[in-house]
Amino acid sequence: MIKFETEFTNYLVNRRNAVTLDTARSYISYLKRVDKQLFGIDFHTDIKCLDDIKNLVFGLRATGMPDRSISNCDVAMRAYLKFLNTVIYTEKLFPEESSIHIEGHR
């Protein structure tokens, strides 16, 4: 489940190294594919660090997903982790917890 889909899309499109809206939509599609393949991933709580992503990639390999698709999903999950670690995210969505830090990527 992608809890903050709109915010993640805006983050991807509006950040310094922005991607196109179509690319942002592709990232969302890849995350949804991970969710479907691995039966109910909650990206907001299940991705806290790079090791969590590595474990999900391992799970995707076990499903027989093609390597290229796994690579795309990996990139999307890493981008979502970066999104979760941004100050903008924590201040906008959790103002009462603006000092929140999720381990993994900064």
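Predicted model, so just to flag it, every value in this text is computed and none were measured.
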Test log, rule side chain to side chain contact (heavy atoms under 4.5 Å, CB included), inputs F43 and I41: CA-CA 6 Å; F43 293 102; I41 300 299; 3.8 Å; yes
Rounded distance (nearest 0.5 Å) linking atom [atom1] of [X] with atom [atom2] of [Y]:
X	Y	atom1	atom2	result
N72	L60	CG	CG	11.5 Å
L56	M77	CG	CE	5.0 Å
L12	L21	CG	CG	10.0 Å
I53	I47	CD1	CD1	5.0 Å
L84	T86	CG	OG1	7.5 Å
I70	F58	CD1	CZ	11.0 Å

Working for side chain to side chain contact (heavy atoms under 4.5 Å, CB included), residues D51 and K54: CA-CA 5 Å; D51 284 340; K54 288 177 188 175; 3.9 Å; yes
I28-V13 co-clustered via ILVMFWY side chain contacts under 4.5 Å: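 I28 and V13: separate clusters.
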message: Tell me whether L50 shares a hydrophobic cluster with L31, the cluster being built from Ile, Leu, Val, Met, Phe, Trp, Tyr side chains joined at under 4.5 Å.
response: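 Yes, same cluster.
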message: Could you list the cluster mates of Y30? Members are the ILVMFWY residues connected by side-chain heavy atoms closer than 4.5 Å, either directly or through other members.
response: none
Return the set of residues passing side-chain hydrogen bond (donor to acceptor under 3.5 Å, both in side chains) with [X] (not counting sequence neighbours), or none when no residue passes.
X	value
S71	none
R61	D67
T63	Q37
D74	R78

task: Decide yes or no on side chain to side chain contact (heavy atoms under 4.5 Å, CB included) for K3 and T45, but give the supporting numbers first.
output: CA-CA 9 Å; K3 191 170 187 177; T45 58; over 6 Å; no
statement: Contacts of F8 meeting ring-ring contact (aromatic ring centres under 6.0 Å, His included) (sequence neighbours excluded), chain-then-number -> Y80, F83
- request: Evaluate the criterion side-chain hydrogen bond (donor to acceptor under 3.5 Å, both in side chains) for residue pair R33 and S69; output intermediate values, then yes/no.
  value: CA-CA 9 Å; R33 187 162 183 196; S69 296; 3.1 Å; yes
Flag for T23-T20: side-chain donor and acceptor within less than 3.5 Å: yes
message: Can you give me the closest heavy-atom contact between C49 and L81, atom names plus distance?
response: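 Where C49 meets L81 most closely, the heavy atoms are C-CD2, 3.9 Å.
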message: Check this for me: does any side-chain nitrogen of one of K32 and E5 sit under 4.0 Å from a carboxylate oxygen of the other?
response: yes
